[in-house]
2 protein chains.
Amino acid sequence: MSQDLPTTSYALLGLLTFGDDLSGYELKQRADRTLRFYWVSPAMSQVYTELARLTELGLVHARDDTTAPTRSTRRYQITAAGRRDLQRWLASTAVEFPALKHPVALRLLMGHVVDPETSRSMLDGYLTMLAERRAELQTVRDSLVLDPESAVDRFRFPRMVADWGLDYYASERAMVEELIRRVDTDPP
Amino acid sequence: MSQDLPTTSYALLGLLTFGDDLSGYELKQRADRTLRFYWVSPAMSQVYTELARLTELGLVHARDDTTAPTRSTRRYQITAAGRRDLQRWLASTAVEFPALKHPVALRLLMGHVVDPETSRSMLDGYLTMLAERRAELQTVRDSLVLDPESAVDRFRFPRMVADWGLDYYASERAMVEELIRRVDTDPP
DNA sequence: TGTAGCATGTAAGCCGTTACATGATTGA
DNA sequence: TCAATCATGTAACGGCTTACATGCTACA
């Protein structure tokens, strides 16, 4: 039985449980559409490194795509052992509390060091970024419709997670708008 | 002019702008009361490493505390150069979008791999953790009252950030409660 | 014909962690 | 007297990033 791998390994392994096999390149794209919003967007180099390790451990199976033209493309699919280990990990390891690295909050904390406009425009800029992010996630969410080809609803959980993210961005926007009001009016 | 340091360096430097000087030990405690909730809780070893670097760069000044009994305690205070560099960093470097590592969302994404109860109890467990965290932050928030000793309101911005965090935990709770409903009822 | 996208990897290095190491002080 | 807290550091290492390296394919 394999020791626990880093969470990102299981994250990538999990992306291979949606019924298709992917190349490293495609896996990176899927990570960018999903993981990015609440975990990480692993670097290409890490995706390949991770896939090599998972293959080594027998958790995924690599085969060379012969249908592809001349180009060498390797496609990866999760193995039965991989699925088992993922289930074991999900069922038996402690769930950690989310870790947030929030540069905006960090900088706001030091608001007394700069002039009010710096904090204000930082929050404004954050609202803009937030709107962009939200739009990106909305696009992803819209693509997660019920697939009529598939008997099971493959995207039920991805949809829940995406909706969660959208709600989060919405509440974050409201809170930041309130903070802007406080920055503007609070000073006694 | 110093190059940009890692964000955590500026975070610790920022904690020294509240008008007091701290030992490494105390700085770690302050980080645990503030930074922890939206940045990181640096390890003791990192606090000392960071203080050594900041001293080296002249951004903080170290003095041996003679009032302390026999024990060797070094107290650190931010220098004028440190304050300048912090201001420069705050005013002139790009603000990054928050990075979230959310193991609960990650695991929920893979809900189709486990039985519904696993997801359900995971979300329940998260609600418990969330309530604990919220209580901890509430304690911090309550301590951030207006200091009648001090002419300026030192804690205005820390208070804003703490309130932000409390709102975040509240909205997170509401969203997770909704998700639990969906996990329970959605399955067709 | 040249650039964007597809495709795969290695090497070096940064940030931060855990483990290790040491010792004084306070109070139950 | 023993444990908790205060107090300071070094060493090793893990996870992940950036930079580097290479080459094919589609299309404008």
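Note on naming: letters A, B, ... go to the chains in the order of the sequence lines (proteins, then strands), and numbering restarts at 1 for each one. Just so you know, these numbers use all the heavy atoms, side chains as well, and skip hydrogens, waters and symmetry mates.
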[N] phosphate, OP1 or OP2, under 4.0 Å from [X] side-chain N/O:
| X | N | answer |
| --- | --- | --- |
| B:Gln29 | D:dT5 | no |
| A:Thr8 | D:dC16 | yes |
| A:Tyr48 | C:dG9 | no |

Side-chain ion pair, B:Arg120 and B:Glu117, N-O less than 4.0 Å: no
Touch class at under 4.0 angstrom, heavy-atom based, for A:Lys101 against every strand present: sugar-phosphate
Touch class at under 4.0 angstrom, heavy-atom based, for B:Glu50 against every strand present: nothing
In whole angstroms, how far is the [atom2] atom of [N] from the [atom1] atom of [X]?
| X | N | atom1 | atom2 | result |
| --- | --- | --- | --- | --- |
| B:Arg30 | D:dC6 | CZ | P | 15 Å |
| A:Trp39 | D:dG15 | CH2 | P | 12 Å |
| B:Glu26 | D:dT5 | CD | P | 16 Å |
| A:Leu5 | D:dG14 | CG | C1' | 13 Å |
| B:Arg75 | D:dA7 | CZ | C1' | 11 Å |
| B:Leu54 | D:dG9 | CG | P | 14 Å |
| A:Asp4 | C:dT18 | CG | P | 16 Å |
| B:Tyr10 | C:dC15 | OH | C1' | 15 Å |

B:Phe37-A:His102 aromatic ring centre distance below 6.0 Å: no
Check: A:Tyr168 ring centre within less than 6.0 Å of A:Tyr38 ring centre: no
Derivation and outcome, side chain to side chain donor-acceptor pair (under 3.5 Å), residues A:Asp115 and A:Thr118: CA-CA 6 Å; A:Asp115 49 312; A:Thr118 302; 2.9 Å; yes
Whether B:Gln77 side chain and B:Ala62 backbone form a donor-acceptor pair below 3.5 Å: no
Under 3.5 Å: donor-acceptor pair, side chain of A:Arg75, backbone of A:Arg63: no
Side chains of A:Arg107 and B:Thr93, donor plus acceptor under 3.5 Å: yes
Parallel, tilted or perpendicular: rings of A:Trp89 and A:Tyr10 (30°, 60°): parallel
Partners meeting ring-ring contact (aromatic ring centres under 6.0 Å, His included) with B:His61 (sequence neighbours left out): none
Report all interatomic pairs (protein N or O, nucleotide N or O of nucleotides 17-19 of chain D) with separations under 3.5 Å.
| from | atom 1 | to | atom 2 | distance (Å) |
| --- | --- | --- | --- | --- |
| D:dT17 | OP1 | A:Ser41 | O | 3.4 |
| D:dT17 | OP2 | A:Ala43 | N | 3.0 |
| D:dT17 | OP2 | A:Gln46 | OE1 | 2.9 |
| D:dT18 | O4 | A:Ser45 | OG | 3.0 |

Degree of bending, the helix from C:dT1-D:dA28 to C:dA28-D:dT1 (end axes from five pairs; round to 10°): 30°
Nearest-nucleotide pick for B:Tyr25, side chain only, options being D:dA7, D:dG9, C:dT10: D:dA7
